[in-house]
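Numbers for residues simply follow the sequence, beginning at 1. Remember, predicted model here, so these are calculated numbers, not experimental data. Computed from heavy atoms alone, side chains included, the values below leave out hydrogens, waters and symmetry copies.
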Amino acid sequence: MLEAELIRKRGTIRSLKKVVDFKLSQGESYRQLFLFATLIFFFSMSVHRVRDTQVSYSVETSLLNLMNQPLQDKNHLETVDVYAFLSHIASTIFRDPVCGDGVCDSPLEYPGFGEVGCSADCGVRENISNVFFFPVDPNVPIGQKAEDQPIYQTASRLESMPDFRWNVYLDTTRNFLYEEDQMVVSNEWKEFQVPDDNITVCLFQRNKIYGKSATASSLAIMLNLDPASVPPEPTIENHAYGTFAEAIGWNAWVKGAYYSQLSTLPNTTQRSPALDQGLSYGYSYNVGQSNPGQEISFFGEYTECRLNLSSINAASSQGKCAHGNAMWPMEDRCYDASKWEQEWQSQCPTCRTFEVREFSKPGDPPQVVKPTEAPNRPVTPGNTLIGSVLVSQLRKKSVPCHPGPADCDEECERNLKSLGPLYKGQHCHSDELDASPFGIDPMFLTTSPLFDGRIFDYRFFYTETEVSNVSNLPYGFFSTPYDMPMTDDFQYQDEDSGVPYYRAYLDGRMTAQQAHLGIEFLKEGKYITNSTSVINVEFGTFNAQHKHFAWSKATFEFGTGGLIEASFRVDSFSLSDLEADTTELIFFVLICIMCVNMMAAECQEMRNLAKQGKFFSYFTDIWNLLDIVVITFIPASLINLFLNGFILSAALDLAGKGDIPRVLDNIDAEARI
């Protein structure tokens, strides 16, 4: 009886203990729930104070909509869609003011002269001089036209009209004065206005004879030249004026045909009459100043390119050439054209430079004509471009898809017997990133609309190692695995340091035309190929109203299965985000205290379970894991936010000191520099 009563009391005590334990556990759960709710409240308040979510949403959504717009109706992306996306970004960002609307929009518009600047809105530039260019063709008498002259009628019949042009390059604008090269018209006085500057007058020849209308070997026969001494036919076409090869072409091909038509040519002529007249080519011309109320002054007076008879005869040797002097067999001499060329090059340059210093002293640096600062480029309303639009590409090395002998087993060998032809010429992506140059600079490609024959020699822009051995033309794109500059005040590593990105820039200082030419450069230069793995299009913006920065990034991933996937991301922050006030610090301290308290409670629970031999059961409860993740994530996210703020502050200080250079030195460059 006593034993039964004892058992009953023990049962009652156990029941009461369970109730007490449940109440304590329930109280602890409520306490934990209260702490969790308080933690979320303080975290929300911290985020709200640290980030202006409404402004961030407005800025980021507008930029995301901009990037989504050209591709939103595309179910399957193609290469042309990537170029179309770039054109869309360029068209949106690069919009130029209209000259003549009555508003001088600096820096894109500035006081003008000639075709430079905007005189209609900003007025005419002060202190400009009148400079003249006066060409004279020895074959065209005064008052007559070139097309009426027999020599040019012969050239036209032979499809060998040289088509001479001229233009003026200004050092201050780093560009040509005329957008289109001007026709050279004999005895036509041409005036143009320039400020004090170093000007370069250039003559160009659009239509070539040497190697086109006539081959080098045939021209050697026409002038009794040693075939080994004639210049090789050009591998790269350009518009250079005054080349020795063109002098040979004009004198042998055109003048030779012209003289052969003359009935007065004696039958005893031993050599080409073009040699008896002396080798001549091109125009005579004068360059000088013709300011109103002043006497005309000459910078230079230049005769046509010419090689006199004594120089011609001095380069000859006794005996016939290897071709037997087939056209002029009566002459028993052979001419060494290389000796003529040495003298010719010194007296017939394509361009000549002159110093205009009417309003300053000789040698003084000229004043800046075109403002160098970047204009405001709105990307979306209120958000203006910072610096440039960056286009970068990652490429994978190409390897033959056909497996090598070491990688091919018996089954592979059997498959190759039937599938081998399908592998022929096929290349697959390897796992390694490529860093070798590729593509082509379309400025040197005659079939490209971007071809510019005024660039005579790619070696001015490129080294020999930057030229393709296959096409003999410069590569278009080069990898730039550079690092973010590290200073005593900026010791943060860039995640892309050393990665071989192929970068291209649309500089904010570019005009709309230049920006679209940049996109055409990518197209014509074959920027996207089968080796392309990823293309990123990135740009930064600043909203002055809210002092809000944003970094937008569009990523195009090129899958090996043929799928191109696009993704868009915008990260933003405000300058106020970097300014921690007392309230924010109090919230942060309270959050850390609560997280430590909650983590201590979780550790106590793990300890209790460990005493019961059920330690690992703690981790089988998904809610326990969720508690640890939340308790860890909240303070870590705030710490990360503060660290990012410090990094951004340091980067802004670095940029403010001018330690980060502009990406492009000359936005007007005709080719890559």
Side-chain angles (χ1 to χ4, degrees), residues 55-71 82-98 103-110 370-393 480 484 496 501 503-522 535-556 566 568-575 577 648 651-652 654-656 658-669:
V55 172
S56 297
Y57 174 80
S58 176
V59 169
E60 294 179 13
T61 303
S62 70
L63 294 169
L64 284 171
N65 290 341
L66 167 69
M67 292 189 289
N68 271 301
Q69 186 177 353
L71 304 178
V82 180
Y83 289 125
F85 175 83
L86 291 171
S87 297
H88 165 72
I89 295 297
S91 299
T92 302
I93 297 176
F94 295 89
R95 298 179 179 178
D96 295 341
V98 178
V103 179
C104 182
D105 292 310
S106 181
L108 291 175
E109 292 183 336
Y110 48 90
K370 185 177 181 180
T372 57
E373 62 266 23
N376 287 327
R377 293 287 189 192
V379 179
T380 58
N383 301 302
T384 57
L385 179 70
I386 302 173
S388 304
V389 177
L390 167 63
V391 183
S392 60
Q393 175 181 172
T480 51
M484 187 73 175
D496 291 330
Y501 279 104
R503 294 175 169 91
Y505 299 91
L506 298 179
D507 194 296
R509 296 168 296 159
M510 288 180 171
T511 63
Q513 181 185 24
Q514 290 169 331
H516 284 288
L517 284 176
I519 304 300
E520 286 299 314
F521 188 101
L522 297 179
I535 287 181
N536 296 316
V537 182
E538 305 171 72
F539 52 89
T541 57
F542 179 66
N543 189 301
Q545 177 77 29
H546 301 287
K547 300 179 182 178
H548 202 95
F549 289 92
W551 185 257
S552 304
K553 182 176 182 179
T555 300
F556 296 89
F568 309 102
R569 177 178 175 178
V570 178
D571 295 317
S572 70
F573 73 96
S574 174
L575 286 179
D577 298 346
L648 291 169
L652 290 174
L654 184 66
D659 294 334
I660 300 179
R662 289 194 182 277
V663 225
L664 301 181
D665 175 59
N666 180 14
I667 59 172
D668 296 309

Mutual orientation of the aromatic rings belonging to F85 and F556 [parallel < 30°, tilted 30-60°, perpendicular > 60°]: perpendicular
What distance separates [X] [atom1] from [Y] [atom2], expressed to the nearest 0.5 Å?
X	Y	atom1	atom2	value
R503	S388	CZ	OG	12.5 Å
R509	Q514	CZ	CD	10.0 Å
D96	M510	CG	CE	12.0 Å
L86	E520	CG	CD	11.0 Å
T511	R95	OG1	CZ	15.0 Å
T61	L66	OG1	CG	12.5 Å

So, for [X] and [Y], which heavy atoms are closest and what is the spacing to 0.1 Å?
X	Y	value
S87	I519	OG-CG2, 3.6 Å
A554	F568	CB-CD2, 3.6 Å
P107	A374	CG-C, 4.1 Å
S574	K547	OG-O, 3.2 Å
A515	L506	O-CD2, 3.7 Å
F539	L385	CB-CD1, 3.8 Å

Any donor-acceptor pair under 3.5 Å from [X] side chain to [Y] backbone:
X	Y	value
N68	L64	yes
T555	N536	no
R377	G508	yes

Side chain proximity check, Y505 to L390, heavy atoms < 4.5 angstrom: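 Of all side-chain heavy-atom pairs linking L390 with Y505, at least one is under 4.5 Å.
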With a 4.5 Å cut-off on side-chain heavy atoms, are Q69 and T92 touching?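 T92 vs Q69: side chains apart.
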State which residue, out of T541, T380, N543, fulfils the side chain to side chain donor-acceptor pair (under 3.5 Å) condition with S62.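 Single side chain to side chain donor-acceptor pair (under 3.5 Å) partner of S62 among T541, T380, N543: T380.
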Assess, by modelled atom type and distance only, whether the side chains of S572 and H548 contain a donor and an acceptor separated by less than 3.5 Å.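 Per modelled atom types, S572 and H548 side chains form a pair under 3.5 Å.
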